[in-house]
*Asks:* 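Input: one structure, supplied below.
So you know, we letter chains A, B, ... as the sequences are listed, proteins then strands, and number each from 1.
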Number of protein chains: 2
Amino acid sequence: MANITIKDIAKALNFSVSTISKALNNSYEISPETRKIVIDYANEHKYKPNRLAKSLKIGQTNSIGVIVSSYFSSTFLAQILDGIHKASFEAGYDIIIMQSFENIDTEKASLDALVSKGVDGILLSPVSEVSNSEYINYIHENHCPVVLFDRINPDLKTTKIGVNEYRGALEATQHLITINRKRILFITGDKFGENNQRIQGFKKALKNLDIPINPRYMVYCNLENVDEIDEKISSSLLELKKQNIMPNAIFGATDTITMRSLGILANLGINVPEDIAVIGFANTDIAFSLNPALSTIRQPAKDMGYLALKKLIELIDLEATTGKKTQVEETILLETSIQIRKSTTLS
Amino acid sequence: MANITIKDIAKALNFSVSTISKALNNSYEISPETRKIVIDYANEHKYKPNRLAKSLKIGQTNSIGVIVSSYFSSTFLAQILDGIHKASFEAGYDIIIMQSFENIDTEKASLDALVSKGVDGILLSPVSEVSNSEYINYIHENHCPVVLFDRINPDLKTTKIGVNEYRGALEATQHLITINRKRILFITGDKFGENNQRIQGFKKALKNLDIPINPRYMVYCNLENVDEIDEKISSSLLELKKQNIMPNAIFGATDTITMRSLGILANLGINVPEDIAVIGFANTDIAFSLNPALSTIRQPAKDMGYLALKKLIELIDLEATTGKKTQVEETILLETSIQIRKSTTLS
DNA sequence: TTGTATGCGTTATCAC
DNA sequence: GTGATAACGCATACAA
């Protein structure tokens, strides 16, 4: 609105517009006296450069776009965003966050909006493997670099940063087996697909030791509704009890599942870890505060976000210096860490 | 980069630039045939309007800036941001999030950056009461509307959305007294100041019933370090035990404090709620999964974010239609809700 | 119904 | 050391 421009300064100080511009940008061409006059005047009148105009002129905005699926308030995503924010702050980039709400069209619209805004790069956690892969490749090749994080889509010819969930699940399962808990109830989401790396890791660990995979020990929950999760876990346990094949361990594939399981077991009067040991993927510090303290597989969420943005900026810089598209196709899988607490500690 | 512009389309189709512009904007001046030709060409060549140029021209960006303090991964803040996102998505605005990291200079820099980017409005959770109030007022009056959320600074002449923490604390304390727990340990942050509404509400509840306020029951933690919190809570409890003035209730002023308290009590072998009842401010769903389930005062974080953005857009629209600054100075306090669970339920 | 010209606030080239 | 001018991509007042 009432914004003072370099043109105003030029008029007030009887200089030309270009002199003001140069003075404000510390150009060596300008005499120290003039520069001082200009800068003092600018400060005094709270001059703020119009970055829109600058960006339009120089062709870059110093801002990057981030598209996440949804569930903004999940701890996991918040940690990723935290890492992204940290890296962008350090690098002097602004970030614009958009949500795809697990919808392919919304994802495409977000992509378009970001390109329209002229972001220098895009960080994307794709809706699905099939989502807009050709379109994303198109943007990556014709507009600005795209880096994928969390969910990895092999069709995309770009840098990808994910988590080695396979190994995380494998190690957690092995841990359960080590403490001699082999009747493991695996509780997961119903939309993950059998190709999900957590399921694969779990199965592999059993296979390694020739432990048969019991389909009755696989529980699939609708993750969109907490009450449904509770109901599903609860009824599964009761059913197994009736059939006299009670598990002696639970492996939760998501933080919600794992947390809720603990609460439900307490309600059912089942002792943890004596009757049932519990471990699961979870990224919250609260695991410690639970009673019993919960053993978890932790994903390096913040690191992932941080690294993803770093990698994106590398690509941006690379293109800026070489002036051409770079054909990097790197895939980085960060390792999880396992934290053994009371819920899987047998005394 | 390889971006097609309306100029390119004009050249290719042998029309003037303004014809293309009008056709793309569905102007009634353009014949349906021409429009179709233009739009088809645009789609085919994946034309994306340059919003920088458009914004520069029309003087608005359709984006709003959000400045939060820090602790991006706190559940509370994430929920606020979730609400903001929801409202901005509905209204068709992009949001740019910045962090002040509890630093006044960073706050000012963020403010400047947002103004420079030409945001249509700013949502701010100020660093402190004294922070940049004159400067914020200046921006509000000369650049774009500013709406405050969460932390409310009375010096600022604008719309403010907060939470009635006073009443929340009052009710929680009353609840403890109702179950006959009057030796209440109040654990809070060390940087809140005595004017903090949670402290005031707590004290008021005691005063109402002529219960003396025991300074030894006030514990102040450095919230920046979890280990320090644990240490502080733990040592306070042991010290009080030694002095034979063990409290029979704990009121935690933040989610971290409350959660950690439960964990520590479990470690110390103190029974909840038999020996010590626990209630506190907390915005996580995990309260249910805790054992015992934790009684909480919940702040309507998502609603607050949602409403704040709504109000901001109201201001933006108002200015756009009336063409002048509006002198609204509204303060809205949303009510908390209290959730009684096992940790304060005496059988 | 379409075209011409101008300007939004900057930076950059080139001349003085 | 400083200034005139063009250009970034778009919207729009006005002319035709």
*Asks:* Just to confirm, is there a sub-4.0 Å distance from OP1 or OP2 of dG7(C) to any side-chain nitrogen or oxygen of K7(A)?
*Replies:* no

*Asks:* Hey, does F15(A) have a side-chain heavy atom less than 4.5 Å from the side chain of I9(A)?
*Replies:* no

*Asks:* Between K36(A) (NZ) and dT2(D) (C1'), how many Å, whole number?
*Replies:* 20 Å

*Asks:* What I want to find out is whether R35(B) reaches D40(B) closely enough, with some N-O distance under 4.0 Å, to be called a salt bridge.
*Replies:* no

*Asks:* Within the structure, does a side-chain N or O atom of S16(A) lie under 4.0 Å from either OP1 or OP2 of dG3(D)?
*Replies:* yes

*Asks:* Under 4.0 Å from any atom of DNA chain C, heavy atoms only: list the residues of residues 50-58 of chain A that qualify, in numerical order.
*Replies:* N50(A), A53(A), K54(A), K57(A), I58(A)

*Asks:* Salt bridge check, K46(B) against D112(A): does any charged N sit closer than 4.0 Å to a carboxylate O?
*Replies:* no

*Asks:* With distance as the sole criterion, is a donor-acceptor pair present between the side chains of T34(B) and S31(B) under 3.5 Å?
*Replies:* yes

*Asks:* Specify the separation, in whole Å, of atom CD1 of I6(A) and atom P of dA12(C).
*Replies:* 11 Å

*Asks:* What is the distance, to the nearest angstrom, from the CD atom on E29(B) to the C1' atom on dG3(C)?
*Replies:* 11 Å

*Asks:* Can a donor-acceptor pair be found between the side chains of S21(B) and S18(B) at a distance below 3.5 Å?
*Replies:* no

*Asks:* Rounded to whole Å, please give me the gap between CD1 in I30(A) and P in dT11(C).
*Replies:* 13 Å

*Asks:* Residues of residues 17-27 of chain A with any non-hydrogen atom less than 4.0 angstrom from an atom of DNA chain D: list those, numerically ordered, please.
*Replies:* S18(A), T19(A), K22(A)

*Asks:* Would you please confirm or rule out a distance under 4.0 Å between OP1 or OP2 of dT10(C) and any side-chain N or O of Y47(A)?
*Replies:* yes

*Asks:* So, Y47(B) versus Y41(B), ring centres under 6.0 angstrom or not?
*Replies:* no

*Asks:* Can you tell which of H85(B), E90(B), K86(B) makes a side-chain hydrogen bond (donor to acceptor under 3.5 Å, both in side chains) with Y306(B)?
*Replies:* E90(B)

*Asks:* Please give, in whole Å, the distance from dG9(D) C1' to H45(B) NE2?
*Replies:* 18 Å

*Asks:* CG of L13(A) versus P of dG3(D): gap in Å, rounded?
*Replies:* 10 Å

*Asks:* Tell me whether the guanidinium CZ or amine NZ of K160(A) lies under 6.0 angstrom from the six-membered ring centre of F149(A) and within 45° of its axis.
*Replies:* no

*Asks:* Below 4.0 angstrom, N of the basic side chain to O of the carboxylate: do K157(A) and E330(A) qualify?
*Replies:* no

*Asks:* Nearest whole angstrom, please: distance from the P of dT4(C) to the CZ of F15(B).
*Replies:* 13 Å

*Asks:* Take atom CD1 of I4(A) and atom C1' of dC8(C), then tell me their distance rounded to the nearest Å.
*Replies:* 16 Å

